[in-house]
Structures are given as C-alpha cells and as structure tokens.
Amino acid sequence: MRGTLLANRRGIQRFRQLATTAVKSSKIKLLLFCCIAFTLVVVATRASDFMGWTNHSDSVDQFLPPGKGYAILMNTWKRYDLLKQSISHYASCSGLESIHIVWSEPNPPSDSLSTFLNHVIESKTRGLKKVELSFDINKEDSLNNRFKEIPGLKTDAVFSIDDDVIFPCSSVEFAFKVWQSAPDAMVGFVPRAHWVDKTLGKTDYYTYGGWWSVWWTGTYSMVLSKAAFFHKKYLKMYTNEMPKSIKEFVTKNRNCEDIAMSFLVANATGAPPIWVKGKIFEIGSTGISSLGGHGERRTRCVNRFAAEFGRMPLVPTTAKAVDSRNTWFW
C-alpha cells in the first residue's frame, strides 16, 4: 500500500515537472517567435535603408505650389556619369522646382547631355510638374562660381549639392522643412568645427576640425555647402559683398569656398548653422579631403578668413535635427 502511494506521488511529481518544463518551453518559443516577427517587421519597414537611397514614399502628389519649393545648385566638373545619376535621383524629390548646374568647363555642355538630362527630369516627374534645368556657364574656372547670384531665381530656398553626393529624397525634404523653420540659417548634412588652438600661446589662432572632431566632441560650427540649404540672398551677398581678397584666395588655392560661405552666413546672422542627420551616399571617388595636408590647408583658410572679417563669426553649437519618425534611437 505504502509502495503504491509512493509510486503515485512520484508520478504526480514527474507530471508536474514535465508540465512546468513544457510551459517554460512554450514561453521560450513564444518569445523567440515574437523576436523573429519584430525583426521581420523592422526589416520590412526599413527596407529602403538597406536598398540604397531610393525612396518610394515621395509622391508627385506632394508637389508644392510654385515658388514654395527649392532649387538645386549642383557643382560639377567633367563627371558626366555622376551628374546624370545625381540629376536622375533628385528629379523625383517632391519639393524640387529647378536645377542649376554650375558649369566651369572650357567647353559648353553638349546637346546630347542637355537632352538626356531634360528627358530624365520629365520621366521622373511624369509630366505632372515642370522642373526647370539650366546650365550656369562660367568663363573662369573658380570655386567661387558655385555661389554666383542666379538672376530670376524663383525660390528662396537653395539646396547646394555636389554631383557625387546623394541623399534620399525623404532626408532632403526633412532638411527643407527644418530650413523653413529657420530660413536665415544654413541647414546641412555635413558638419565641421573650429576651435581655439592654445598650444601656440595665442587666443586668436584657430584649428579646423573634420568629421572625427565633431563626432568626438558633439560640437560643430559649420555645415559644408556640399549638401546644405540656405537662402538665395546669400548668393547675392557672396557675389557682391564677400571680400575680394577671400574670393581671390579661394580661386588661387582651389579650396575653402564652403568655409567662406559659412563665414558669410554666420557674420550676417550671429547664429550657428543647423546640422540635420541624414544618410549620405558617396558615389564618386575620393576628393581633395582625402589628400595629405587637407586639415592644415583648411586651418589656414579659417585663420585667413577670420583676419579678413576682423573677428571670428562662426558660432559653435551642439544641436542636431533628427527626423524621429524614421529613427528608433534619437
């Protein structure tokens, strides 16, 4: 009798152990299933991030009224494949109204290039809006050409971009909205910094800081014009009010026109630029920033321009604009 009871108790205990193990196993399986499902949802919703810069959410139905969008000002130099690729991408951005290509080559653009670009623009907009394309022809080869005043420009907003840099249209449209909230500021994707270099025992000598300086300190004082919004009035100011010595320095050294524009805007506003978080796609080969001595040359520009302006107008900041709709951690 006692043996039977003992056997029954052991059976009950064994059953309970098996039941507990089964419940735990089910919970683990359920947790794993939820994790897998969550991962699939995230991958599906973020697929465009993994597939490149293409953004299918930007619809031509979102086109703005004439004059309320922005103009693209694109600098290029004998890189026709990159130019075609960039124009083809940006032509589909909903806020775009016109494209102005800064042309400083000795020969004018070919008819075939112009025809191709106009065809691409028409196909991307599906004929639902008119995006004007123009080549701003320059006789002199100078980096100052990218900031020449554009007569008859209909939009206040100018998006300055290099031909080898691509951002998703969603990022461009978000940056445009940020600019609309602060139209006197430069709003861009590529931040840079400066700081007082006290190692020489001076209080008015500055060092130029690249991306890693910004990443390390979280502070910046410039956004480069290779990808930035600004008001069209700064083109007029650069053309007519920028010190001649600075423009001659830029032409001679083939560098630092972007720093000069940052100085101009900061001097006019007394305020810092606005850095917008965005995913950048470099489609060209490495530029002058990859060459040896680049930082030293940029430092020289900062100090030269500060002397020309009679002060340091650049204003450091730690603020960054982030589109929280598309970011998990912000």
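Put simply, the residue from His100, Glu257, Met261 that forms a side-chain contact (heavy atoms from CB on, under 4.5 Å) with Arg146 is Glu257. Results of the side-chain contact (heavy atoms from CB on, under 4.5 Å) test with Val250 over Leu143, Ile259, Asp258, Asn255 single out Leu143 as the only residue that passes.
Residues meeting the ring pair (Phe, Tyr, Trp, His ring centres under 6.0 Å) test with Phe135, sequence neighbours left out: Trp103. Judged as a ring pair (Phe, Tyr, Trp, His ring centres under 6.0 Å), and not counting sequence neighbours, Phe230 has no contacts. Qualifying ring pair (Phe, Tyr, Trp, His ring centres under 6.0 Å) partners for Tyr234, counting only residues two or more places apart in sequence or in other chains: none. Every residue two or more places apart in sequence or in another chain was checked for a salt bridge (Lys or Arg N to Asp or Glu O under 4.0 Å) with Asp204, and none qualifies. The ring pair (Phe, Tyr, Trp, His ring centres under 6.0 Å) search around Phe174 returns none, not counting sequence neighbours. Remark: Lys233 pairs with Asp184 by the salt bridge (Lys or Arg N to Asp or Glu O under 4.0 Å) rule, at least two apart or across chains. Contacts of Glu149 classified as salt bridge (Lys or Arg N to Asp or Glu O under 4.0 Å), with partners at least two apart in sequence or in another chain: none. In this structure Lys247 satisfies the side chain to side chain donor-acceptor pair (under 3.5 Å) test with no other residue, sequence neighbours excluded. Judged as a salt bridge (Lys or Arg N to Asp or Glu O under 4.0 Å), and not counting sequence neighbours, Glu241 has no contacts.
Considering only heavy atoms from C-beta on, Asn144 comes within 4.5 Å of Tyr238 through its side chain. Within the 4.5 Å cutoff, the side chain of Val223 has no heavy atoms near those of the Ser262 side chain. Residues Gln180 and Tyr70 are not in side-chain contact: their nearest non-hydrogen atoms beyond the backbone lie 4.5 Å or more apart. In this structure the side chain of Leu153 reaches within 4.5 angstrom of the side chain of Ser98, judged on heavy atoms. Put simply, the side chain of Val302 reaches to within 4.5 Å of the side chain of Phe263, judged on heavy atoms. Arg297 is not listed as a side-chain neighbour of Asn253, based on a closest heavy-atom distance of 4.5 Å or more. Contact of the Pro272 side chain with the Tyr220 side chain is not registered, since no non-hydrogen atoms from C-beta on lie closer than 4.5 Å.
Residue Asp111 places its CG atom among 12 or fewer non-hydrogen atoms of other residues, nucleotides or ligands, all under 6.0 Å distant. Atom NZ of Lys232 has more than 12 neighbouring heavy atoms from other residues, nucleotides or ligands inside a 6.0 Å radius.
Salt bridge annotation for Glu97-Lys154: absent, with no cationic side-chain nitrogen under 4.0 angstrom from a carboxylate oxygen. Under the 4.0 Å criterion applied to side-chain N and carboxylate O atoms, Arg79 and Asp162 are not assigned as salt-bridge partners. We find that Asp141 and Arg254 are joined by a salt bridge, their nearest charged nitrogen and carboxylate oxygen being less than 4.0 Å apart. Salt-bridge check for Glu308 with Arg304: passed, with a basic side-chain N closer than 4.0 Å to an acidic carboxylate O.
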Anything under 3.5 Å between a donor and an acceptor, one on a side chain of residues 309-318, the other on a protein residue two or more places apart or in another chain? List them.
residue: Arg311; atom: NE; partner: Asn267; partner atom: OD1; Å: 3.4
residue: Arg311; atom: NH2; partner: Asn267; partner atom: OD1; Å: 3.0
residue: Thr317; atom: OG1; partner: Ala319; partner atom: N; Å: 3.3

For residues 209-217, run the donor-acceptor check on the side chains, cut-off 3.5 Å, and write out each pair with its distance to 0.1 Å, sequence neighbours left out.
residue: Thr217; atom: OG1; partner: Ser213; partner atom: O; Å: 2.8
residue: Thr217; atom: OG1; partner: Thr219; partner atom: N; Å: 3.2

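The two residues Val165 and Tyr90 make their nearest non-hydrogen contact at O-OH, 3.0 Å. Closest of all the heavy-atom pairs between Glu173 and Cys93 is OE2-CB, 3.5 Å. Across all non-hydrogen atoms, the minimal contact from Pro109 to Leu113 is CB-CD2, 4.3 Å. For Trp179 against Ala157, the heavy-atom pair with the smallest separation is CZ3-CB, 3.5 Å. Considering every non-hydrogen atom in both Lys124 and Ser92, the closest pair reads CB-N, 4.2 Å. The two residues Lys129 and Thr125 have their closest heavy-atom pair at O-OG1, 3.6 Å.
Between the NE2 atom in His194 and the OG1 atom in Thr207 there is a gap of 10.0 Å [rounded to 0.5 Å]. Distance check, rounded to the nearest 0.5 Å: CZ of Phe116 to OG of Ser110 gives 11.0 Å. Asp136 CG to Leu73 CG: the interatomic distance, rounded to the nearest 0.5 Å, is 7.0 Å. To the nearest 0.5 Å, atoms NZ (Lys84) and CG (Leu117) are separated by 7.5 Å. We find the CD-CD1 distance between Glu105 and Ile137 to be 9.0 Å, quoted to the nearest 0.5 Å. Note that CD of Glu140 is 8.5 Å distant from OG of Ser104, once rounded to the nearest 0.5 Å.
Residues Tyr206 and Trp195 are members of separate hydrophobic clusters, defined by side-chain heavy-atom contacts under 4.5 angstrom among Ile, Leu, Val, Met, Phe, Trp and Tyr. The hydrophobic cluster containing Ile161 does not contain Trp77, counting ILVMFWY residues as joined when their side-chain heavy atoms lie under 4.5 angstrom apart, directly or transitively.
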Intermediate values then yes/no, side-chain hydrogen bond (donor to acceptor under 3.5 Å, both in side chains), Thr251 and Ser142
CA-CA 5 Å; Thr251 299; Ser142 171; 2.7 Å; yes
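Under a 3.5 Å cut-off, the side chain of Ser160 and the backbone N or O of Ser225 do form a donor-acceptor pair.
Every pair tested for salt bridge (charged side-chain N to carboxylate O under 4.0 Å, His left out) that includes a residue from residues 186-200 fails, sequence neighbours excluded, so the list is empty.
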